[in-house]
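Take a look at the structure set out below.
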There are 2 protein chains.
Amino acid sequence: MQNKIPTIQEMARILKLSKSTVSRALRNHPAIGLRTTQQVQKLAKELNYEPNQMAISFSKKKTMSIGVIVSSLDVYFHKAVFGIEDCAYANDYNVLISQTRDEYDIEKKVLETMRKQRVDGIVASISRNAPDIEHFEKCKQYNIPVVFFDRVPDVPNINSVWCRLDISTVELVSYLVSKGHEKIALINGPDTLPIKNERLKGYYDGHIKNGLKVHEHFIKVADLSTVGTYEAMDQLLSHRVKPSAIITFNDYMSLDAMHYLRKVKPGRYPDIDFVTYSNLPTTRYLDRPPLAYVDQFPYEQGKLATEVLFRQLNGLAHPETTPPENLIIESKLVIY
Amino acid sequence: MQNKIPTIQEMARILKLSKSTVSRALRNHPAIGLRTTQQVQKLAKELNYEPNQMAISFSKKKTMSIGVIVSSLDVYFHKAVFGIEDCAYANDYNVLISQTRDEYDIEKKVLETMRKQRVDGIVASISRNAPDIEHFEKCKQYNIPVVFFDRVPDVPNINSVWCRLDISTVELVSYLVSKGHEKIALINGPDTLPIKNERLKGYYDGHIKNGLKVHEHFIKVADLSTVGTYEAMDQLLSHRVKPSAIITFNDYMSLDAMHYLRKVKPGRYPDIDFVTYSNLPTTRYLDRPPLAYVDQFPYEQGKLATEVLFRQLNGLAHPETTPPENLIIESKLVIY
DNA sequence: AAAATAGTTGCAACCGGTTGCCTGAAATTA
DNA sequence: TAATTTCAGGCAACCGGTTGCAACTATTTT
C-alpha cells in the first residue's frame, strides 16, 4: 500500500544510469551533461525524491547539526536559542537543544548524547554548579568544536562569547546614587567557581567610583530558589542598617525579593527600590517594577557564539590558523 | 596528534575476530561465548569505544529521535517539552525541538526538515493559523507517526492528546457567578478553523447553566498581541453595559488586559475581576492577579502524547492492530 | 564409531549515499 | 591520419555498523 521511498539507485535503475551519475546530476556536478542532469532532476521531482539525510551524514561524517546546551529554556535562554537558530538555519544547519536543569550530571549526560549523535559542533552555557569542564575534553578527540557563551568557564584556550557586566554594574550603582541612594545592597547568585563574578566586581567598583563605603553585610548570596531569596532578604533586613535599594541577581530573584518585602512582610519595612539583570517581559506589568535592569543581550550572544562556531567548523582542516576566539560584548543599562 | 576514534573493525583487527563477532559481543548477544564477550567489552572500555550513532541509524533505519513541533517555547510549551523529554529519555530516544513562531510556512519547513532527518516520530502542536494539515500527509508515506497535542486539528484518523476546556469554562463562569458577577465578558483568541473553540462553548454553556443571558457584545476576539488586546478592551469598555469580570484567552492576554485597565486608562473604569487560562508563574507576583485560572496540564499532555507516539512506533509493524489514539484529559479550575 | 546437536565464530550482503579514478567516445590538435 | 585533449559517465571502494546464514568445533546421543 505505502509508496516506496525513492532512492538514488532506484532512479539510476529507471534511467539506466549508474548511481554515481545520478548522485552527481542531482548536485549539478559539472562533469555530468546537461541533458542527463535535467533528466535526472525531472525524475527526482516526479518521484518526490528526498535524499536520505542519514546516509549523507554517515558517508560525509557530517550531521549538519549543532548541539545547544543550556540550563533551562527560560525566557532568557529562549532568546539566546533564537539567535542560535537564526544563525544555524542560515547555514543550513539543524539545532539540537538540551536542557541541563543546572545539574552537572545531566550536563555530562546530554553532552555524551550529543557526542554520540555526532553533532558537528556545540554551543554551551555551562551549569551553574559545574565544578569543571573536563567533560568537554572528549569533544576535542572527536573534533567537535565547542563555543561557550553567557556562562563562560574561566579557563584558557576555549572559544567563548560573553557579556561583561562589571561596567554596567558600575553604571547601575551610579544610577542609584544619582537617585539619592547611599545604602545599596546586592543579592548575588551562587558563587560558583568556573564563572566570573562580575556583578560583585562592578558593585565594588561602583562604590569606589561614587566614593561610597561598602558595607559587607549589604552583600548577600542566595541560591536561586524563592526560599533562598526570602532568607537573604530576611538577613539583609534584620540588620540595624537597612538598604534603600537592592541590586538583585536577576529578574526572578527581584520578583521574589519584592514579593517578600511587599506581600510576605507588608508594611514592616520602608519600601525599597530594586534594580536587576536581564529582564522578564512580564516584569513591566508589575505595579512597582524594578527601576532599571542590565540587558545582557542573550539573542546577540547566541548568534555571535554560533558564528564563532561556524568559523571554527570551517577552520577544522587548518587548526593552526584557526585560534580560539573570545568575544566579549558590553551589557547595557536600561532605565525604565 | 588527535587520537583515532575507535571502531568495531579496529577492535576486530586487534582481537583477531570478525567485526560481526565484535558487534554482537558488545551487545551481549547470546551466541557469543562468555570469554570473547568479556574480552571485547574490556577492550571497548580501554579504547573508550563509543558506537557511531550515525552508522547505527543508517543501518537500522532508525534515528532514535523524535521531533517536537511547537509554536514557541514559551512557559506553557516549555512545560510540555519537559513531559515529552521525560518520556523520550526513558525510552532512550532523543528529542529535536523546532519552533514555528505560529507561522504556517515555518511549520511546513521544519516538518520537512524533520522528515529529511528521518525522525522516527513527531509530536506536534499545530500553528494557530495553519489552514490545514496536509503537510503532515507525507509523514505517512515515510512511516513517521504523528501525534498532535494541545492544539489538535479537528480531522478524523489522527493521533491526538488534548485537554478539554469546555467543562472547566463552565466552572469558571459558575465561580464568577458565585462571586456575584452577572456581567461576564470573554476575550477569546483568534478563531482558527482546525482547532476547536471550547472556551466559547463553555462560556455559552456556563451562562445557560447559571440562567444568565449571553450579551454578544461581551464576546470579543483578539489576536494575541498587546495592541490587539488593548483594542478588544477598548471595544468592550466603550459599550454602555460594562462587564464586571473578564475571562481572557490566556495569561499573557490577561496581563495586557489588566495593564490596559489599570495603567493605560487608570481610574477610568471601575476595577474588573479577571480569570484566565494556563498560568504564568510570574502572575502571582502581581498586586491583583487573576482570581482563578484553568490549568491545561501541559506537562501531562506532552508526556501522554509521547506515550501515544511510542505505542504507535511499536505498532508500526502491525498497523491493523494499532488504531489511532485520541486521548482527552480534563482541565482543572484553580482558584487562588 | 558415526551421527546428531549445541555452541561459537566468520562471511558477505546491506543500509544509501559520496568520491577517486578509470574508460570510452567525441572533438580538437599536430 | 594519428595523437592528444576534453567530455560524459561508470566502477568500485568506502563510511561503520547489523544480520541471515554458513561453517567449524566440541560435546552428546544413538
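Model, not experiment: these values are computed from the prediction. A note on names: the letters A, B, ... follow the listed sequences, proteins ahead of strands, and every chain is numbered from 1.
- Within the 4.5 Å cutoff, the side chain of A:Gln117 has no heavy atoms near those of the A:Ser65 side chain.
- Contact of the A:Phe149 side chain with the A:Val308 side chain is not registered, since no non-hydrogen atoms from C-beta on lie closer than 4.5 Å.
- Atom C1' of nucleotide C:dT9 and atom CZ of B:Arg35 are separated by 15 Å, given to the nearest angstrom.
- As rounded to whole Å, 15 Å separates atom P of C:dG10 from atom CZ of B:Arg13.
- Among the atoms of the strands shown, none is found under 4.0 Å from any heavy atom of B:Ser57.
- Nucleic acid contact for B:Lys16: sugar-phosphate only, since backbone atoms but no base atoms lie under 4.0 Å from a heavy atom of the residue.
- Taking every heavy atom of both residues into account, A:Pro324 and A:Asn157 meet most closely at CG-OD1, 3.5 Å.
- Taking a cutoff of 4.0 Å between a charged side-chain nitrogen and a carboxylate oxygen, A:Glu46 and A:Lys42 qualify as a salt bridge.
- Annotation: side chain of A:Ile144 is not in contact with side chain of A:Asp120 (no heavy-atom distance under 4.5 Å).
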Scoring nucleotides 12-18 of chain C by protein non-hydrogen atoms under 4.0 Å (B base, S sugar-phosphate only, - none) yields B--BBBB
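- Between the side chains of B:Tyr93 and B:Lys62, at least one donor N or O sits under 3.5 Å from an acceptor N or O.
- The interatomic distance linking B:Ile32 (CD1) with C:dC11 (C1') rounds to 13 Å, in whole Å.
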